[in-house]
Chemist: 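Next up is a structure, given as structure tokens.
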Amino acid sequence: MPRLPHLLGIEGLSPETISGLLDLSESYIEQNRSLDKRRDLLTGRTVINLFFENSTRTRTSFEVAAKRLGADVINMDVATSSVRKGETLLDTAMTLNAMRPDAIVVRHSESGAVNLLSQKVNCTVINAGDGQHEHPTQALLDALTIRRRRGRLEGLLVAICGDILHSRVARSNIHLLQIMGARVRVVGPPTLMPTDIDKMGVEVHYNMRTGLKDVDIVMMLRLQTERMQGSFVPSISEYFRFFGLDSEKLKVARPDALIMHPGPMNRGVEIDSEVADDLDRSVIHEQVEMGVAVRMACLDALIGGRRNAMGAAA
Amino acid sequence: MSGNVARGLPPHAGSTAYINARVIDPTADTEYVGAVLISDGKIADFGPNLFASGAPYGIQSVDCQGLYLAPGIVDTRVHTGEPGEEHKETLDSAGVAAAVGGITSMVLLPDNEPPFDDASLIEFVARRARQIKLANMYAFGTLTVGLEGKELAEIGLLAEAGAVGFTDADHAVGNAQVMRRALYYAKAFDALIVHLPQEPTLSGGHMSSGVMATRLGLAGNPPLAEVMMVERDIRLVEMTGGRLHLAKISTAESVKAIAAAKARGLRITCDTAAPYFALNDLAVGDYRTFGKLVPPLRSEADREAIVEGLKSGVIDAIVSDHRPQDQDSKRVPFAQAEPGGIGLETLLPVSLELVHNGHLSLPRLFQRLSSAPARLFNLPGGRLAKGAPADLVLFDANYAWKIDRADLWSKTKNTPFDERPVQGRVMATIVGGRTIYRNDDFAPAAVAA
């Protein structure tokens with residue numbers, strides 16, 4: 001069994017590794033809900049949050065996770081404009097590497113940038129989202145949320161809806177759900193579907209009514225404003241009419257179908273407020289909570305005291 | 001102008017039998033002497049033996065006197081000035097011209113002012129058609145916002161409002177990425193995209209390139225500009241799996257490319273307009289601005305290839321490409337003249353030349369004029385079938401006359417066929433069982449049997 005040196009993506013992980021990370025995450029949920037949230041598992045360890053792309057939510061989640069485990073956290077928000085060339089990215093990596101961190105959490109707007117960086121440093125690298133490639137901790141937190149609500153992942157029917165083309169969340173979730181035995185549909189306008197996505201083993205739907213039929217889980221994706229103004233989709237009103245989630249379209253899903261969204265939501269674009277705020281079905285806030293637990297588990301597994309144990313399980 | 005256009009008349013309350021007609025059934029590819037029975041605005045029955053011994057008691061019958069009776073023409077390329085340029089044509093005047101021309105359904109191009117990129121305009125056309133009570137009127141939505149070829153129009157919302165297809169009319173979409181996304185996006189709604197293939201940077205001339213353009217000293221628009229775009233679009237259809245209809249094919253090379261694409265099973269169809277099989281670039285002689293069209297009239301070899309394309313079925317449909325222009329738009333130097341010609345009233349007689357010259361049978365001609373366009377655009381008329389709308393045209397295929405623009409009913413008179421001798425004339429047009437036009441030369445006494 002190979003050790004897990006980095007977390008660059010979900011693709012290629014074994015079901016045992018994923019289950020192990022989810023099990024470990026479970027143990028942190030109670031800790032996070034208790035009054036005393038801090039453990040000293042990572043005392044003396046240094047985690048650098050290296051964000052080449054803005055994301056307050058994800059960065060904060062990683063920061064909270066690392067601090068609750070007792071690590072020292074340094075946040076580096078690097079303006080994308082100043083890092084245009086490959087050499088500059090690597091220069092940054094080498095500089096940080098020389099400071100001997102234990103983990104670097106990286107977000108970058110280019111697919112593959114995190115992989116490249118991981119090849120140049122000696123420490124663990126965790127992908128916090130690279131371009132349109134992967135966002136592994138998001139998929140893990142989504143899986144944890146589903147597993148806690150449904151008790152399993154295997155055999156569930158999941159619809160991932162919206163801008164599949166540009167979504168790293170969609171790719172990581174497709175991998176994870178399929179590895180764990182769930183069936184995945186992707187639903188959205190054909191302009192926002194990647195070429196040959198069906199060859200990844202998913203069902204492709206261009207219509208929400210057929211795409212949501214009998215699904216257990218509805219995962220909505222965020223539509224970036226630049227997609228609305230380009231020629232990908234004609235307008236917000238048209239997008240919401242045909243691809244936005246509202247109670248009417250949701251009727252064809254299973255009555256207990258969960259509604260998920262990685263946030264931040266565009267209300268009235270990809271999701272209706274009535275649905276987003278439905279306490280019985282929407283687990284959007286729970287996803288945020290699970291995010292901290294999952295990131296604690298990842299840091300623990302990769303650089304913490306249980307590293308060897310996870311390595312053995314990987 | 002001869003004949004009467006009548007609107008608002010209710011259909012005969014019971015049934016009407018059109019007997020003693022030469023019935024053309026394009027779907028079955030047959031013609032025979034027989035009858036068509038209409039009941040409640042729909043075709044109730046038809047056939048060679050129907051009412052052979054006279055219509056039964058209680059059914060009103062119309063003796064067709066041996067004239068041809070065919071499904072009404074479905075013209076999928078009509079421009080009117082309403083809204084925006086009502087001085088050129090209104091929906092009402094276009095409806096009258098269509099009635100006189102045997103056209104029972106027409107699809108309006110969206111390049112008005114404002115362009116039909118908003119659902120309310122599609123609904124406006126439907127509302128006006130109900131008021132006018134002549135031919136059935138449908139509308140295209142624009143493919144891109146403001147016909148600018150940059151951002152997709154609201155294809156889904158426009159389709160919900162009733163748009164039967166999406167096109168930027170005579171504006172070609174030069175940006176391949178936009179066209180690619182349009183083909184992809186339309187798949188979600190199984191919407192038909194209609195595109196005029198003209199490579200924009202090559203098609204700035206005023207007439208087709210060639211010796212005529214050189215002699216007249218007019219900038220040329222090469223036939224290559226068309227086939228380049230046809231081939232680009234074929235590749236994009238192949239890539240996206242979209243559905244595309246190419247409009248107004250005018251060159252031999254385009255016919256060849258489309259034939260090859262169809263043979264490969266791609267979802268591509270096409271049409272041509274009457275001028276492209278009936279005229280060549282000589283019609284522009286003496287700087288006749290009525291012959292300035294989009295695309296331009298081509299060489300004789302291209303014209304012959306278009307005829308061959310219609311014979312072989314590579315070209316699915318024939319359209320009028322009716323585009324009225326007023327005198328201010330045409331009585332100017334050739335280069336400054338607006339392109340376009342009217343065609344609603346001349347579509348049938350000019351198309352009948354294909355029959356008189358032995359290129360097509362009458363059923364085949366009506367496949368191109370009626371059944372194929374109705375099928376392509378998913379419209380209810382255009383065929384003889386029990387339960388189909390009683391949209392019919394009664395015509396004399398041998399009636400010889402000369403097109404005189406002064407006698408046309410259209411609001412403007414810019415026909416490229418002015419003074420052309422033709423053979424064939426509409427005697428009556430029936431929409432939903434109502435006779436909306438009757439020629440003075442056809443005045444049968446409606447007799448109750």
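Every heavy atom of this structure was used, including side-chain atoms; hydrogens, water molecules and symmetry mates were not. Convention: sequence-line order gives letters A, B, ...; per-chain numbering from 1.
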Chemist: Give a yes or no on this: more than 12 heavy atoms of other residues, nucleotides or ligands lie within 6.0 Å of atom CD of A:E286.
Modeler: yes
Chemist: Can you measure from CZ (B:F189) to CG (A:N207) and round to the nearest 0.5 angstrom?
Modeler: 8.5 Å
Chemist: Could you tell me whether B:K262 atom NZ has more than 12 heavy atoms of other residues or ligands within 6.0 Å of it?
Modeler: yes
Chemist: Determine the minimum heavy-atom distance between B:A188 and A:P190, stating which atoms define it.
Modeler: CB-CD, 3.5 Å
Chemist: Working to the nearest 0.5 angstrom, can you tell me the gap between A:Y206 OH and B:Y184 OH?
Modeler: 7.5 Å
Chemist: Residue by residue, scan residues 235-266 of chain A and write down, ordered by number, those that have a heavy-atom distance under 4.5 Å to chain B; if none do, write 'none'.
Modeler: A:S235, A:S237, A:E238, A:R241, A:F242, A:F243
Chemist: Considering residues, nucleotides and ligands other than B:D190, do more than 12 of their heavy atoms fall under 6.0 Å from its CG?
Modeler: yes
Chemist: CZ of A:R183: more than 12 outside heavy atoms within 6.0 angstrom?
Modeler: no
Chemist: Are there more than 12 heavy atoms of other residues, nucleotides or ligands under 6.0 Å from atom CD of B:Q131?
Modeler: yes
Chemist: Among B:N175, B:D117, B:I155, B:V178, single out the residue with the greatest number of heavy-atom pairs under 4.5 Å to chain A.
Modeler: B:I155
